[in-house]
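Whatever order the structure lists ligands and atoms in, that order sets their numbers, starting from 1. For the single chain, residues carry numbers from 1 onward in sequence order. The structure presented is a predicted model; accordingly, all values stated were derived computationally and were not measured.
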Amino acid sequence: MTDRRPFPSRLERLPTVDSTQRVVREWLAAGQPEVCVCVADQQTAGRGRQGRGWIAPPGAALLLSCGFRPRGLAARHAWRLAATVSLAMLDAAEEAAGLREGTLWLKWPNDIVVDAPDGGLRKLAGVLGEAADTGRAVETVVIGIGINADWAKEAFPVELAGFMTSLRQVSGGRPVDRENLLEAFLDRLEPRYEALQAGHFDAGGWSTRQRTTGREVEILVGPEIVAGTAVGVDPERGALLVETSEGQRAIDSGDVIRCRVLGLMPAAPDLAPDLAAGS
Ligand code: BTN
């Protein structure tokens, strides 16, 4: 008999919560084994990166957080958990929405985006990682992902409509079943996470799916704007490699406030800085 743990160890679907991040963090603090997953129909205080908020009308998005206890994942590789969640969701989303493989992309570090007919990029999903580590190894991590699934175009908030889209919109208005999407995501997360635990990160998948590569970018790092051509990513440290007028820079994902792909992304939505769905 093999000693396989159930995957996920706990899965709860809640109608309304403040944030699924808070729920899973509390589960882990109370000793819940990994991998535990909380899904919500609606969040009243959804959290995005850099202290921003995250909004979606009830039932329009798949909103979830996963709690991990990654044995042996070095602190310098903690970012790979968010990348792993993002890649699992990207594959699941293409399948659940009936999209051709290669339709969806990552926008470094882990947003899921799609090319828009006007030549721009539209954001489908954002990922938020919150880790508690003790120096060398990572103890517990909560990774949250919100993906705009069955959200009709007519209901996009006006201030975000130019930056965001949904799987429903990308697949020509066909309804997208969030349960199918969740199932497809969990089916892909399990082998990807097992591989990560065994020391195998999908560096190739993470690198080739980056829509940033070869494009002009403008990155806000603290008070500084770094501008140049994104020439690739570094799968050892999770950094974006940017060729600037002063030479190559490697920018770590944890330091980034905003990454804009010039020519593909409209100016970031400074009008609504607390609504992160399109940033
Ligand atoms: C981003 O800013 O791009 C990341 C957004 C992450 C949103 C998800 S929705 C589910 C989970 N719960 C939260 O409060 N945030 C994450």
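When each atom of ligand 1 is checked for a heavy atom of Q21 under 4.0 Å away, the hits are 11 (C), 12 (N), 13 (C), 14 (O), 15 (N). Residue contact check: S65 has heavy atoms under 4.0 Å from atoms 11 (C), 12 (N) of ligand 1. Residue G146 approaches ligand 1 through these ligand atoms, each under 4.0 Å from one of its heavy atoms: 8 (C), 9 (S). Interface of G46 with ligand 1, defined as ligand atoms under 4.0 Å from a residue heavy atom, comprises 14 (O). For ligand 1, the atoms sitting less than 4.0 Å from at least one non-hydrogen atom of S19 are 12 (N), 13 (C), 14 (O), numbered in the order shown with element in parentheses. Numbered from 1 in the order shown, with element, the atoms of ligand 1 that lie under 4.0 Å from a heavy atom of T20 read 10 (C), 11 (C), 12 (N).
The pair D91-R209 meets the salt-bridge criterion, with a side-chain N (NZ, NE, NH1 or NH2) lying under 4.0 Å from an Asp/Glu carboxylate O. The existence of a salt bridge linking D202 and R192 is confirmed by a sub-4.0 Å separation between a basic side-chain nitrogen and an acidic carboxylate oxygen. Using a cut-off of 4.0 Å between Lys/Arg side-chain N and Asp/Glu carboxylate O, R80 and E236 are scored as salt-bridged. Ion pairing between R249 and E224 holds under the 4.0 Å rule for side-chain N and carboxylate O.
In terms of polar-atom proximity, defined here as any N/O pair under 3.5 Å, W54 makes no such contact with ligand 1.
Here R22 has no heavy atoms under 4.0 Å from ligand 1, in either its backbone or its side chain. Heavy atoms of K107 found under 4.0 angstrom from ligand 1: none, in either backbone or side chain.
The CG atom of L62 lies 8.0 Å from the CZ atom of F185; values are rounded to the nearest 0.5 Å.
Screening T244, T212, V256 for a side-chain contact (heavy atoms from CB on, under 4.5 Å) with I219, the sole residue that qualifies is V256.
Within the structure, ligand 1 has Q43 among the residues with a heavy atom less than 4.0 angstrom away.
Comparing Q50, R49, R47, E130 against atom 1 (C) of ligand 1, the shortest heavy-atom distance belongs to R49.
With 3.5 Å as the limit, one finds no donor-acceptor pair spanning the side chains of R47 and Q21.
The aromatic rings of W79 and F201 stand perpendicular to each other, their planes meeting at an angle above 60°, with 30° marking the opposite boundary.
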